[in-house]
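Chain naming here is simple, since letters A, B, ... match the order of the sequence lines and numbering starts at 1 in each. Because the structure is predicted, anything quoted here is derived from the model rather than measured.
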Amino acid sequence: MRNLALVEKLTLRKHELDIEKTLDCGQCFRWTVLGGVHMGIIERSVLMIRYSEAGYDVEVYGEPLGEKVLFNYFDLDRDYSGILEVLSNKDDHMARAVNVGKGIRLLKQPLFEILISFILSSNNNIPKIKMTLEALCERFGEPLGMLDGNIFYAFPTPEILANASLEALNVKAIGYRAKYISETAKAIVDQKLDLNTPFHMDYNTARAWLKQFHGVGDKVADCILLFGYSKMEAFPVDTWVKQMLSEYYGVESKHEMFVRDYFKHYPGIAQQYLFYMIRKERR
DNA sequence: TTTCAGGTGGTGC
DNA sequence: GCACCACCTGAA
C-alpha cells in the first residue's frame with residue numbers, strides 16, 4: 001500500500017466554525033480525532049485538520065479537494081449569526097443551546113454515504129454505528145492509501161454494495177440492517193435512482209422520496225435531509241429530542257407542526273443546537 | 001440475566 | 001391515523 005501524498009494546504013477561518021463541536025454532534029461518523037488532529041475523508045480526499053492562530057489548517061492527501069468543496073462541506077457560505085440570534089430570542093432553553101453550541105455547522109455530506117450511515121443508525125448507538133461503517137469501508141471501500149500507518153478507505157459505491165451478498169454484508173454489529181443496506185443499494189442501481197433528486201424537491205416531497213428506501217423512516221429521512229441536503233425544515237426526532245420537546249416545550253405529539261410554527265424557517269439548526277446541548281449535559 | 005440504545009416495518013384496529 | 005412489537009448486537 002502506497003503512502004498518501006500531501007497535495008493541498010487550505011485554511012478554514014475560525015469565524016462561526018468550531019470543528020470539534022461540528023464533528024462531534026452526531027451528524028457524521030467517520031471523522032476521528034487523535035492528539036488534537038481531526039482526520040476524515042471527503043469523497044476520495046483524506047483530510048487532516050489542526051488548530052492554528054487564524055482558524056484551522058487543513059492538509060489534503062491523495063486527491064485534491066479545492067477550497068470550494070471544502071467550504072461547501074462545512075456550509076461556510078451560510079450566515080449563521082442572524083439565524084442563531086433569532087433562535088436565541090425564542091426562549092431560555094434555545095438561548096442556552098445557542099451559547100453552548102456556538103460554532104456548530106450543519107455539514108453537507110456525500111449523499112450515498114449519509115444515506116447508508118443513517119440507515120445504520122436506527123435502533124443503534126454512535127460507537128456501534130462507527131464500528132459498522134469502518135468495517136463496511138474496509139471490506140467494500142477502495143483503499144486510498146496509507147498515512148501514519150493507517151489505511152484510509154473510500155466509502156463503498158452503490159454498485160459494490162448492491163452486488164454484495166448478505167453474508168458478505170454481515171460485518172460487525174450490522175445485524176438486520178444488512179438487508180436494508182442491500183435493498184437500498186440495489187434500488188439505487190437497478191432503478192437508476194439519482195440521489196441528487198431531493199435537492200430539487202420541497203421538504204415534504206423529498207422526505208417521501210427518501211422513505212422509499214427500506215430502513216428509512218421519518219427520523220432517518222430527516223437526518224439525511226439535514227446533514228446531506230441542507231433542508232433546514234428537517235427536525236429529526238429521536239428518543240432524546242422527544243423527551244426534550246416534552247420537557248422544555250410541553251409537546252407530546254405532532255412535533256412536526258410545533259417545530260414548523262415555532263422555529264419557522266430553521267427547525268434543523270434549532271434541533272442540532274438543542275441536541276448538542278442535551279447530549280453534552282447527559283455525558 | 002435483563003435492559004436499553006440517537007427506529008423501522010409489519011400488523012391489527 | 002395510531003398503538004403495538006419483533007428485530008441484531010454489545011455494553012452496562
Side-chain angles (χ1 to χ4, degrees), chain A residues 21-31 93 97 100-101 104 106-107 109 113-139 161 164-188 204 206-228 231 234-249 251-260 267-283:
Chain A
K21 292 180 197 167
T22 296
L23 298 178
D24 183 40
C25 62
Q27 61 177 325
C28 55
F29 303 103
R30 290 194 73 203
W31 285 87
H93 299 301
V100 173
I104 294 177
L106 296 168
L107 301 175
Q109 302 178 69
E113 175 171 346
I114 200 95
L115 172 62
I116 297 302
S117 299
F118 279 93
I119 286 177
L120 290 178
S121 78
S122 76
N123 197 12
N124 210 343
N125 54 46
I126 291 174
K128 262 171 55 189
I129 299 165
K130 285 183 172 178
M131 212 164 29
T132 304
L133 278 172
E134 279 323 300
L136 271 181
C137 291
E138 267 184 44
R139 185 167 294 177
L161 294 185
S165 67
L166 278 180
E167 291 72 32
L169 280 169
N170 188 24
V171 296
K172 198 160 177 50
I174 198 169
Y176 58 85
R177 302 172 195 88
K179 193 158 62 92
Y180 296 162
I181 301 298
S182 174
E183 288 173 5
T184 294
K186 279 187 176 134
I188 290 172
N204 284 314
R207 198 180 193 218
W209 192 89
L210 284 172
K211 280 169 70 175
Q212 76 180 291
F213 297 113
H214 223 56
V216 180
D218 288 337
K219 191 266 180 183
V220 168
D222 278 339
C223 288
I224 298 167
L225 288 170
L226 192 53
F227 309 139
K231 297 277 189 197
F235 190 100
V237 178
D238 58 45
T239 53
W240 302 114
V241 172
K242 195 171 179 177
Q243 191 185 316
M244 180 272 294
L245 283 173
S246 162
E247 205 174 303
Y248 291 176
Y249 299 105
V251 176
E252 304 292 346
S253 62
K254 306 216 191 289
H255 326 108
E256 289 175 39
M257 272 199 340
F258 168 76
V259 300
R260 195 180 54 225
I269 293 184
Q271 192 274 3
Q272 201 55 15
Y273 277 74
L274 287 165
F275 181 71
Y276 180 80
M277 176 174 69
I278 58 178
R279 203 163 151 256
K280 192 183 166 82
E281 285 174 353
R282 246 196 101 69
R283 285 188 289 198

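One can place CG of A:Leu120 at 15 Å from C1' of C:dG10, the figure rounded to the nearest angstrom. The separation between A:Lys211 atom NZ and B:dG10 atom P is 13 Å, rounded to whole Å. Atom CG in A:Leu210 sits about 18 Å away from atom P in B:dG7, given to the nearest Å. Taking atom CZ of residue A:Phe235 and atom P of nucleotide B:dG6, one finds them 17 Å apart after rounding to whole Å. Whole-Å rounding puts the A:Arg207 CZ to B:dG7 P distance at 15 Å. Rounded to whole Å, atom C1' of C:dC8 lies 12 Å from atom CE of A:Met131. Between A:Arg177 atom CZ and C:dG10 atom C1' the separation is 11 Å, expressed in whole Å. What separates CE of A:Met257 from C1' of C:dG1 is a distance of 14 Å, to the nearest Å.
By the 4.0 Å N-to-carboxylate-O rule, A:Asp218 lies close enough to A:Lys211 to be salt-bridged with it. Electrostatic pairing of A:Glu256 and A:Arg207 counts as a salt bridge here, judged by a charged N lying under 4.0 Å from a carboxylate O.
Taking the P atoms as reference points, C:dA3 lies 23 Å from B:dG6, given to the whole Å. C:dA6 sits 13 Å from B:dT3 when the P atoms are compared, rounded to a whole Å.
When heavy atoms are screened at a 4.0 angstrom cut-off, A:Gly215 is found touching the sugar-phosphate backbone but no base atom. Here A:Phe213 lies in heavy-atom contact (under 4.0 Å) with sugar-phosphate atoms only. At the heavy-atom level, A:Val216 lies under 4.0 Å from the strands shown only through sugar-phosphate atoms. Nucleic acid contact for A:Asn124: sugar-phosphate only, since backbone atoms but no base atoms lie under 4.0 Å from a heavy atom of the residue.
Residues A:Glu281 and A:Val100 are not in side-chain contact: their nearest non-hydrogen atoms beyond the backbone lie 4.5 Å or more apart.
Picking from B:dT8, C:dG10, B:dG9 the nucleotide with the shortest atom distance to the side chain of A:His214 gives B:dG9. Distance from the side chain of A:Tyr180 is smallest to B:dG9 among B:dG9, B:dG6, B:dA5. Checked against C:dC8, B:dG6, C:dT9, the side chain of A:Asp238 finds its nearest nucleotide in B:dG6. For A:Trp240, taking side-chain heavy atoms from C-beta onward, the closest of the listed nucleotides B:dG7, C:dT9, B:dA5 is B:dA5. Listed nucleotides: B:dG7, C:dT9, B:dG6. Nearest to the side chain of A:Ile126: B:dG6.
Side-chain atoms of A:Ser182 do not come within 3.5 Å of backbone N or O of A:Ala178 as any donor-acceptor pair. Between the side chain of A:Arg30 and the main chain of A:Leu133, no donor-acceptor pair closer than 3.5 Å is present.
Taking only side-chain nitrogens and oxygens, A:Lys172 comes nearer than 4.0 Å to OP1 or OP2 of C:dG10. Regarding contacts with the backbone of C:dC2, a side-chain N or O of A:Lys254 is found under 4.0 angstrom from either OP1 or OP2.
C:dC4 and B:dG10 make up a base pair, with Watson-Crick or G-U wobble contacts both under 3.5 Å.
Side-chain atoms of A:Tyr176 stay outside donor-acceptor range of the base of B:dG9, with no qualifying N/O pair under 3.5 Å.
By the 6.0 Å contact criterion, NZ on A:Lys21 is enclosed, its count of non-hydrogen atoms from other residues, nucleotides or ligands being greater than 12.
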